[in-house]
*Asks:* 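Following this message is one structure expressed as structure tokens.
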There are 2 protein chains.
Amino acid sequence: MEQPGEIKKVSMAVIKRLPKYYKYLGELMRKNVERVSSQELSKILGFTASQIRQDLNNFGEFGQQGYGYNVSQLYTEIAKILGITTNHKMVVIGAGNLGQALANYTGFSIHGFDIIGIFDKNPNLVGRKINDIPIYPVEDMEYFINKNNVDIAVLTVPRDETESIVNRLTNTAIRGIWNFTPVEINIEDRDIVVENVHLIDSLLTLSYRINESWLQERLLKQKRKDKPFGHGKNTTYMVK
Amino acid sequence: MEQPGEIKKVSMAVIKRLPKYYKYLGELMRKNVERVSSQELSKILGFTASQIRQDLNNFGEFGQQGYGYNVSQLYTEIAKILGITTNHKMVVIGAGNLGQALANYTGFSIHGFDIIGIFDKNPNLVGRKINDIPIYPVEDMEYFINKNNVDIAVLTVPRDETESIVNRLTNTAIRGIWNFTPVEINIEDRDIVVENVHLIDSLLTLSYRINESWLQERLLKQKRKDKPFGHGKNTTYMVK
DNA sequence: ATATTTATGTTAAATTAATCACAAACGGGG
DNA sequence: CCCCGTTTGTGATTAATTTAACATAAATAT
């Protein structure tokens with residue numbers, strides 16, 4: 001039952017679909033499509049129409065019976081939901097390969113995400129610019145973040161340096177960490193959000209799926225085989 | 001009910017957890033830990049012990065009552081499941097910022113993923129090397145993939161070139177596409193697996209979560225407000 | 001104006017995933 | 001050798017998510 005001040009929790013599954021809606025609605029807008037139904041969205045996005053309607057209804061009633069959704073209105077609403085109606089300031093921490101690549105990428109600013117500084121401990125890099133963004137010494141990180149109201153820290157440091165950088169970030173006004181390190185970050189009871197991009201996990205998942213058909217055969221065979229048991233002195237071989 | 005030749009389908013949720021198990025077991029091995037219980041794994045990984053046991057039981061009985069799991073044995077089993085007991089050959093397609101960063105990254109080879117070639121349409125890049133990996137003209141892509149038994153194509157081309165490259169890839173012996181483009185790839189009825197790394201989606205999800213508390217307030221307010229309806233001639237303003 | 005069609009918002013049902021709970025099996029200690 | 005504590009594998013339960021169904025409202029056609 002819903003209480004007066006109750007906060008309705010939106011599931012992560014729904015949240016992960018929002019960017020897809022947003023991106024596709026952007027495409028439709030560029031094509032000057034004025035209206036769209038959940039069924040039409042369904043065809044392209046691969047979700048059921050029912051799911052799309054239910055997803056959107058977590059946030060409001062944006063559609064209309066007999067009409068569907070107004071593309072640009074829904075686009076704007078989702079932009080609000082995603083919090084991208086105002087710009088976000090980001091800093092990249094770690095000017096290695098990936099950090100530089102992200103700094104060079106121009107696709108973020110279209111959505112209002114601006115990288116305004118890069119931090120590195122390497123004195124040879126400090127003072128240079130990447131894509132017109134200056135590289136600063138990592139010592140100045142906290143001061144810079146607070147001074148410039150930076151929202152998001154893009155973390156591309158080596159694994160061993162992650163923990164110490166994260167600790168330092170918890171003492172800043174940063175709101176979110178976009179984590180490209182392989183380290184699992186957990187920040188206790190502070191309102192900093194962490195979003196992980198674990199590339200290795202993604203690659204291993206791909207490998208699993210490539211391997212899947214072979215694996216299924218192996219599993220079936222294994223089921224018919226006896227299985228050795230035991231680690232210690234009482235170890236026996238038994239048949240299931 | 002299970003049929004003789006039935007293929008047991010493992011859910012994506014389980015698959016996505018496998019790399020976490022794998023990585024943490026690797027850490028334990030390096031620390032020379034010999035055995036581990038589902039409860040101990042639970043504490044670090046943040047999944048319940050029960051879930052861990054059930055996840056692993058999708059693939060076999062790797063543990064033992066009263067003992068737990070043998071770390072190195074379980075590590076090996078998960079490596080088999082993930083299909084990383086043999087090496088994988090990869091090519092990077094698109095030698096832009098991201099493509100170059102991935103080519104420079106050394107972390108893949110530890111898990112048996114070797115980038116053996118980079119392809120680009122830019123003649124100024126062709127012939128150069130990145131991290132000792134040669135850049136070839138994109139025209140040679142298909143031939144190279146088939147000749148060298150390349151398993152995985154890492155796709156880092158601009159959005160407009162994605163479709164044509166994917167079409168060309170479907171005519172090769174490639175097994176998987178690791179897609180870094182923002183394009184949603186769908187390949188019909190061929191056994192090529194696509195794993196997406198949609199960075200923008202990830203960033204937008206982060207933005208949502210940063211924005212979440214503000215959003216909840218807005219949703220509560222909105223509930224108490226009347227809502228204008230209508231798009232056409234019968235449009236009325238109504239109170240819910 | 002009216003009827004017909006379309007397509008939403010929403011409740012209910014079905015499916016899928018996570019957690020609980022416990023019998024059975026093994027290791028370790030005396 | 002036997003008992004006690006531990007911990008798995010697994011069936012049962014609960015929770016979460018997805019899909020289906022439909023009453024209702026608006027648009028469109030006549």
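Below, chains carry the letters A, B, ... as their sequence lines are ordered, and counting in each starts from 1.
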*Asks:* State which residues pass side-chain hydrogen bond (donor to acceptor under 3.5 Å, both in side chains) with A/Lys89; sequence neighbours excluded, sorted by chain then number.
*Replies:*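 Per chain and number, A/Lys89 pairs via side-chain hydrogen bond (donor to acceptor under 3.5 Å, both in side chains) with no residue.
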*Asks:* How close or far is atom P of D/dT17 from atom NZ of A/Lys16, stated in whole angstroms?
*Replies:*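 So the NZ-P distance, A/Lys16 to D/dT17, works out to 13 Å.
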*Asks:* Grab the CG-P distance between B/Asn58 and C/dA17 for me, whole Å please.
*Replies:*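 Going from B/Asn58 (CG) to C/dA17 (P), I get 10 Å.
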*Asks:* Do the side chain of B/Arg209 and the main chain of A/Val194 share a donor and acceptor less than 3.5 angstrom apart?
*Replies:*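 Side chain of B/Arg209 to backbone of A/Val194, a donor-acceptor pair under 3.5 Å: yes, one is there.
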*Asks:* If you check every side-chain atom of B/Ala13, which of C/dA21, D/dA27, C/dA17 has the closest atom?
*Replies:*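 Closest nucleotide to the B/Ala13 side chain: C/dA17.
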*Asks:* Rounding to an integer number of Å, can you tell me how far A/Asp55 CG sits from D/dT19 P?
*Replies:*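 From A/Asp55 CG to D/dT19 P: 10 Å.
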*Asks:* What is the distance from NZ of B/Lys9 to P of C/dT15, rounded to the nearest Å?
*Replies:*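 The distance from NZ of B/Lys9 to P of C/dT15 comes to 12 Å, rounded to the nearest Å.
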*Asks:* Less than 6.0 Å separating the ring centroids of A/Trp178 and A/Phe113?
*Replies:*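 That pair fails the under 6.0 Å test.
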*Asks:* Whole angstrom is fine here: how far is it from OH in B/Tyr67 over to C1' in C/dC26?
*Replies:*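 Whole-Å distance recorded here is 11 Å.
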*Asks:* Taking only N and O in the side chain of B/Arg53, is any of them less than 4.0 Å away from OP1 or OP2 of D/dG9?
*Replies:*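 Checking B/Arg53 against D/dG9: no side-chain N or O falls below 4.0 Å of OP1 or OP2.
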*Asks:* Answer yes or no: is there an ion pair linking A/Lys16 with B/Asp201, defined by an N-O contact shorter than 4.0 Å?
*Replies:*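 Salt bridge between A/Lys16 and B/Asp201, a charged N being under 4.0 Å from a carboxylate O: no.
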*Asks:* Measure the distance from CD on A/Gln65 to P on C/dT5 and round it to the nearest whole Å.
*Replies:*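 It works out to 18 Å between those atoms.
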*Asks:* Checking the side chain of B/Gln73 only, and the main-chain atoms of B/Asn70 only, is there a donor and an acceptor separated by less than 3.5 Å?
*Replies:*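 Checked: no pair found.
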*Asks:* Would you tell me if any nitrogen or oxygen in the side chain of B/Ser11 comes within less than 4.0 Å of OP1 or OP2 on C/dA17?
*Replies:*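 So the side-chain polar atoms of B/Ser11 do come within 4.0 Å of the phosphate oxygens OP1 or OP2 of C/dA17, strictly under.
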*Asks:* Return the set of residues passing ring pair (Phe, Tyr, Trp, His ring centres under 6.0 Å) with A/Tyr208 (not counting sequence neighbours), or none when no residue passes.
*Replies:*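 Residues passing ring pair (Phe, Tyr, Trp, His ring centres under 6.0 Å) with A/Tyr208: none at all.
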*Asks:* Check nucleotides 11-14 of chain C for protein N or O atoms closer than 3.5 Å to its own N or O atoms and list the pairs.
*Replies:*
unit_1: C/dT11; atom_1: O4; unit_2: A/Gln54; atom_2: NE2; d: 3.0

*Asks:* Side chain of A/Arg17 only, please: which of D/dT18, C/dG27, D/dA21 is the nearest?
*Replies:*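 Closest nucleotide among those given: D/dT18.
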*Asks:* Would you kindly give the CD1-to-C1' distance between B/Ile15 and C/dT16, to the nearest whole Å?
*Replies:*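 Rounding to the nearest Å, CD1 of B/Ile15 and C1' of C/dT16 are 14 Å apart.
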*Asks:* Give a yes/no on whether any side-chain N or O of A/Tyr69 is located under 4.0 angstrom from OP1 or OP2 of C/dG9.
*Replies:*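 Checking C/dG9 against A/Tyr69, a side-chain N or O does come within under 4.0 Å of OP1 or OP2.
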*Asks:* Please identify each residue that fulfils ring pair (Phe, Tyr, Trp, His ring centres under 6.0 Å) with B/His111, with sequence neighbours left out.
*Replies:*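 Only B/Tyr22 meet the ring pair (Phe, Tyr, Trp, His ring centres under 6.0 Å) criterion with B/His111.
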*Asks:* Does OP1 or OP2 of D/dT19 have a side-chain N or O of A/Gln51 closer than 4.0 Å?
*Replies:*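 Yes, A/Gln51 has a side-chain N/O under 4.0 Å of OP1/OP2 on D/dT19.
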*Asks:* With nearest nucleotides of DNA chain D determined for B/Leu56 and A/Phe47 from heavy-atom distances, which residue corresponds to the more 5′ nucleotide?
*Replies:*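 Upstream on the strand: B/Leu56.
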*Asks:* Would A/Arg35 count as a cation-pi partner of A/Tyr67, with NZ or CZ less than 6.0 Å from the six-membered ring centre and within 45° of the ring normal?
*Replies:*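 That pair qualifies as a cation-pi contact.
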*Asks:* For A/Phe62 and C/dG9, what is the distance between atoms CZ and P respectively, to the nearest whole Å?
*Replies:*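 Computing the A/Phe62:CZ to C/dG9:P distance gives 9 Å.
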*Asks:* Considering only NZ, NE, NH1 and NH2 on the basic side and carboxylate oxygens on the acidic side, decide whether B/Arg175 and B/Asp191 come within less than 4.0 Å.
*Replies:*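 No salt bridge links B/Arg175 with B/Asp191.
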*Asks:* Residues from residues 20-45 of chain A sitting under 4.0 Å of DNA chain D, heavy atoms only?
*Replies:*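 Those residues whose heavy atoms fall under 4.0 Å from DNA chain D, taken from residues 20-45 of chain A in numerical order, are A/Arg35.
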*Asks:* Of all residues at least two apart in sequence or in a different chain, which pass the side-chain hydrogen bond (donor to acceptor under 3.5 Å, both in side chains) check with B/Glu161?
*Replies:*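 B/Glu161 satisfies side-chain hydrogen bond (donor to acceptor under 3.5 Å, both in side chains) with B/Lys121 only.
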